[in-house]
Student: 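Dumping the structure here so I can ask a few things about it.
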Amino acid sequence: MHKKKKTSPVQKDYQILAKKKEPKRNVILNVIRAFVFGGFVCFIAQLLQFAFINYFGFEESQAGNPATAILIMLSALLTGLGVYDHIAQWAGAGSAVPIIGFANSLASAAIEHRSEGYVLGVGGNMFKIAGPVIVFGTFSAFIVSIIKLLVQAIGG
Amino acid sequence: MLVGRQSWRFDKSPIIISSAAVGGPFEAQSPLAGDFDVFYDDLWIGQDSFEKAEVKLLQYACEKALEKAGLQPEDINFLLSGDLDNQITSSSFAARGLKIPYLGVFGACSTSMEGLAIASKLLDNDGANYVMAATASHNAAAEKQFRYPTEYGAQKPPTAQWTVTGAGAVILGRNGEGPRVVSATIGKVVDMGISDPFNMGAAMAPAAVDTIETHFNEMNLEPDYYDLIATGDLGFTGYAIAQELFAKKGIRLKENIYTDCGIMIYGDNPRVLSGASGCACSAVVTYGHLLKRMRKGELKRILIAATGALLSPMSYQQKETIPCIAHAVSIEYVQ
């Protein structure tokens, strides 16, 4: 990592001044909105799960998968219709944390880079935002598995 | 003539023969909508990419300016243009279509006044008969290059700004009737250590204040000399900071004199958060709205300090702070 650049006293003074004039994110409002929208998404998912159990004869343990698939499709559809980014501006983390946020990151990047072709454009950029999540998700899963194996080998 | 270290007084004061401003669908809702020449109701402008749409916008603005001046592309000696796309492709591609000898300029969102200052200097030194200065930006093309995909759902902070979709062009000549470019001050790069690309206003405000202060000192002017002083695209946050900085330096600018193009263009539309930005911001406000007011006789002397953030998508990922610049151009019209 490169060394952190020194901030001069003039810069420091300015940054204090600028900070005072910057409007802050309304954290409390954001938390409430995230809770409401995130909760709403989970509520829809729950309804879907019930529907798959009661009307399509799924086992309770398996009904989650088709419900998730529908949410992913809905998210991609709303992204394509240009609605999702407006929802996200309102809902904040409420739209980013559930699975629909992941679907939106893939769909939006794919749409954005369509103009550079299917292979280098869509294929090459689709995981631009979601890529790091997959890389570090896989990597941490690997580390955790090794720790588990080691603990078992020791006889834990 | 050079005045001081970094200002030019244009003794032959080139005349703005014509100017044009075009905008996209969102700009059509602007409180200044009446001062645009054309709006496009589709962000794609009939093209298959946002980058191509930006080229079209720029080309239309240039053609509109030519049409209003009653000139052909062959009459123009030089075109000075720049934009935010990588390697200023929008400008180069538009120049390809226009077939006017071309100099690419880049000063991010300060490109409008950088182009206007150099164009005026070319005319002042008898280096041309007609020069065109133009610039463009496209909301989605800028978002794609500098931030996230357009449809990506990330909440923007209240300091974020909205890139203007539009283009502005002016044609300067030696004779004729119209507002005159009187002087210009070229800015220094100022970096106050702000590194958040969602807070450009705070990053750029010190550069604007530095250039305007230098302009007053070198041209030996009092702040009340101008009827209107406008910074390029500081937005609400940067404007508030700039006001504070002016007050600290003892430069008294009346509130009805000092304004910001980034605030003027969309008014208080909540969708744009802290206001507007982009090369087209100061260009369409100046070349559309302000020049029109000058021609009506409402304004006699104005100073435009276009502000630019000279970052790249890579520079901020590498944790560099944002270097900023501002160029000021003074336009006068005494009928």
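Each chain gets a letter, A, B and so on, in the order its sequence line appears, and its residues count up from 1. No hydrogens, no waters, no symmetry mates; every other heavy atom, side chains included, goes into these values.
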Student: Can you name the nearest heavy-atom pair linking B:G193 to A:Q11, along with the distance?
Tutor: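 Taking B:G193 first and A:Q11 second, the nearest heavy atoms are N-NE2, 3.4 Å.
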
Student: Does some side-chain heavy atom of A:S108 sit less than 4.5 Å from a side-chain heavy atom of B:T150?
Tutor: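 No. Closest side-chain heavy atoms not under 4.5 Å.
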
Student: Between A:Q15, A:E116, A:Q89, who has the most heavy-atom pairs with chain B when the cutoff is under 4.5 Å?
Tutor: A:Q89

Student: For A:A109 and B:P149, which heavy atoms make the closest approach, and how far apart are they?
Tutor: CA-CG, 3.8 Å

Student: Tell me if the CD1 atom of A:I143 is crowded by more than 12 foreign heavy atoms within 6.0 Å.
Tutor: yes

Student: Run the side chain to side chain contact (heavy atoms under 4.5 Å, CB included) check on A:L17 and B:L245 step by step: do they pass?
Tutor: CA-CA 9 Å; A:L17 184 152; B:L245 290 176; 4.1 Å; yes

Student: Do B:P158 and A:K24 have side chains that approach each other closer than 4.5 Å (heavy atoms only, starting at C-beta)?
Tutor: no

Student: Dump the intermediate steps for side chain to side chain contact (heavy atoms under 4.5 Å, CB included) on B:Q155 and A:N30, then the final yes or no.
Tutor: CA-CA 10 Å; B:Q155 191 186 46; A:N30 263 347; 2.9 Å; yes

Student: Shortest non-hydrogen contact from A:K21 to B:T237?
Tutor: O-CG2, 4.0 Å

Student: When you look at CG of A:L120, are more than 12 heavy atoms from neighbouring residues, nucleotides or ligands closer to it than 6.0 Å?
Tutor: no

Student: Can you tell me if CG on A:N54 sees more than 12 non-hydrogen neighbours from other groups inside 6.0 Å?
Tutor: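 Counting neighbours around CG of A:N54, more than 12 heavy atoms of other residues, nucleotides or ligands fall under 6.0 Å, so yes.
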
Student: Mind listing the closest non-hydrogen atom pair of B:I241 and A:Y14 along with its distance?
Tutor: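 In terms of heavy atoms, the two residues are closest at CG2-OH, 3.3 Å.
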
Student: Please say whether more than 12 non-hydrogen atoms of neighbouring residues, nucleotides or ligands are located less than 6.0 Å from CG in B:D42.
Tutor: yes

Student: Rounded to the nearest 0.5 Å, how far does NE2 of A:H113 lie from NZ of B:K144?
Tutor: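 These two atoms lie 5.5 Å from each other.
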
Student: Count the heavy-atom pairs under 4.5 Å between each of B:E151, B:K248, B:E244, B:K156 and chain A, then report the option with the highest count.
Tutor: B:E151

Student: I'd like to know whether CZ of A:R25 has more than 12 heavy-atom contacts from other residues, nucleotides or ligands below 6.0 angstrom.
Tutor: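 Yes - once you tally the heavy atoms of other residues, nucleotides and ligands closer than 6.0 Å, there are more than 12.
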
Student: Could you grab the distance from atom OH of B:Y148 to atom NZ of A:K128, nearest 0.5 Å is fine?
Tutor: 10.5 Å

Student: Quick check: closest heavy atoms across B:D48 and A:S115, and the distance to 0.1 Å?
Tutor: O-CB, 4.0 Å

Student: Any idea which of B:S49, B:A154, B:A240, B:P157 has the most non-hydrogen atom pairs under 4.5 angstrom with chain A?
Tutor: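 The answer is B:P157.
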
